[in-house]
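Inspection log for the structure reproduced underneath, given as structure tokens.
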Amino acid sequence: MTSITEPAAPPVADAAPLGEFDIAIVGAGFSGLGMAIKLKQAGFDDLVMLERADEVGGTWWSNTYPDCACDVPSHLYSFSFAPNPNWSQTYSTQPQIRDYLRTIADHYELRPHLRFGHAVREARWDEATGRWEIATSHGLVRARVLIPAMGPLTEPRIPDLPGLSEFDGPVFHSARWDHSVDLSGKRVAAVGTGASAIQFVPAIQPRVEKLYVFQRTAPWVVPHPNRPIRDVERRLYRTLPAAQRLVRGAIYTAREALVLGFVKRPRLMRVLERGARRHMERQVPDPELRAKLTPDYTLGCKRILPSNRWYPALGKPNVELVSGGAREVRGNAIVGADGVERPVDAIVFATGFHATDMPIGRAVRGRDGRLLDDLWQGSPRAYLGTAVAGFPNLFFLLGPNTGLGHSSMVYMIESQIAHVMGALETMRRAGAATVEVRPEAQERYNAELDARMAGTVWNTGCASWYLDETGRNATLWPDWTWRFRRRAARFDPAAYELRAGVGAAVAGAQSPTAASMPPTRRSSTSSPGVAHTSSLRTSTSTGPA
Ligand code: NAP
């Protein structure tokens, strides 16, 4: 059977019985945790979170490669309702973000809802009962509402290099770093030069004997503005939370300005290209290496990478940059596009993820048993990245076209969470058993997206993981992010069909007609009711950014 979420680690035993729940969330990263918090605060307590790993954190749990960090500032890359005044630097490391999310899970008392080591293998909508049947590695879960919250950067992509299976040494992907392998004194091949490679290559370079970096396309690299946050700033944020909100707002606004170049006027990117070129000239004295490192596409077409350590690392005597990518593996040697065999002891792939061909497409069946993949035909589409016609009571978080090249995904996640809450509250008020986006609303929305995508920097000719197999950008949101927020957060019932029970449409969103609606409890408080910890400040506002 296809697996949506193969375990990142062997499943841990969990004695908690499976069964029927009102709502099932798949994944306990930023989006799953944020969704669970808001559901609980609104009284949707009958909730299970299925997580294949053995701790919360999602991508910030599974990516443990050396020097893994976030290239979006922490004040923005955190929940608006749970700012952390104690970030130690402006851009946080993976362990810091992982710990933030653990604190969130504890603080909002999410642990009783979590089922670790539960890989979801298949989910199908049962029209007769109006429930999702979710097959997990530990048994069957039924739920009225299914919320896949796994994110698009979950399943590592390893190129099918001829001869790779015969390589007699450690081979792993950056998102599944094998810490049992000591790379010290080894000859290592790093394949890929994206956001992950740019972080771990400078970290491992000093300890390996030889490092071959296989670059297929040179990325645009800009100076990294990370700096320590001073004690006085942290004290200010603790005593005057508005100050941190102000900083967050300023970061949001500055980053949003990039939309002008991304979406409206790609030619504006030339200004940033000049800065990136100067950065390279300062850091790469060797003209031959500089030529190899000079990108041949418009800045922004692929993700812009901030680093002050990438270029200096590539200039070290034990590093060779191999242009053209990796072609095959021959015995214990990796062969580049130049045909040269380079003997290595280990191969690390930093070759990205199955972002537009996620396994979920082959494992989720909606009305009439239809597979998502059959519907999508290689090009994922949804309404507001959240709902798909033919798949009742299913809400994606970080579904198609919710990605960003410039700002915080947490902002998009919170916008989608507001949308899902609008849908569930509307159902509750109307006494509806199912909610399903109307096909015409979904089509209109995607036609609009595609039209807006036409003039963007992502369509200027580079080959990026943003594009699906049909060449359509199924990944990014092509507009100001506040426009997404405005549209998603205000749930529009006209885009959806509400049904009282199987076959019966609800006459109006306000008319409670369904006897089949399962009872949901409304909690008396909307605050988490947990004492504030010193490391995390929480509020119940969803804030603008
Ligand atoms: P990626 O950006 O997709 O980069 C993959 C790299 O592998 C590219 O350089 C690609 O080259 C190369 N590649 C793929 N197949 C290859 C082959 N057969 N031979 C040689 N090279 C090959 O993957 P990633 O670095 O893991 O990052 C993925 C995304 O994760 C990022 O874009 C970002 O959204 C997110 N991320 C974020 C952070 C953060 O700080 N917030 C950090 C890491 C990752 P081409 O360019 O030629 O395709």
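Start at 1 and go down the list; that is how both ligands and their atoms are numbered. Numbers here are sequence positions counted from 1.
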Report task. Just do the side chain to side chain contact (heavy atoms under 4.5 Å, CB included) check on Thr59 and Phe30 with the steps written out, would you? Result -> CA-CA 9 Å; Thr59 193; Phe30 257 108; over 6 Å; no

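Every residue meeting the side chain to side chain contact (heavy atoms under 4.5 Å, CB included) condition with Ser31, not counting sequence neighbours, appears here in chain and number order: Ala149, Leu397, Ile413. Taking Ile304 as the reference, Val222, Phe262, Leu299 meet the side chain to side chain contact (heavy atoms under 4.5 Å, CB included) condition, with sequence neighbours excluded. For Leu260, the side chain to side chain contact (heavy atoms under 4.5 Å, CB included) test picks out Lys264, Leu268, Trp480, with sequence neighbours left out.
Using a 4.5 Å cut-off on side-chain heavy atoms (C-beta onward), Glu320 and Arg342 make contact. Contact of the Glu166 side chain with the Val329 side chain is not registered, since no non-hydrogen atoms from C-beta on lie closer than 4.5 Å.
Near ligand 1, residues Tyr65, Ala69, Cys70, Asp71, Leu153, Pro159, Val191, Gly192, Thr193, Gly194, Ala195, Ser196, Gln199, Arg216, Thr217, Lys302, Arg303, Gly325, Ala326, Ala350, Thr351, Gly352, Phe353, Trp465 come within 4.0 angstrom through at least one heavy atom.
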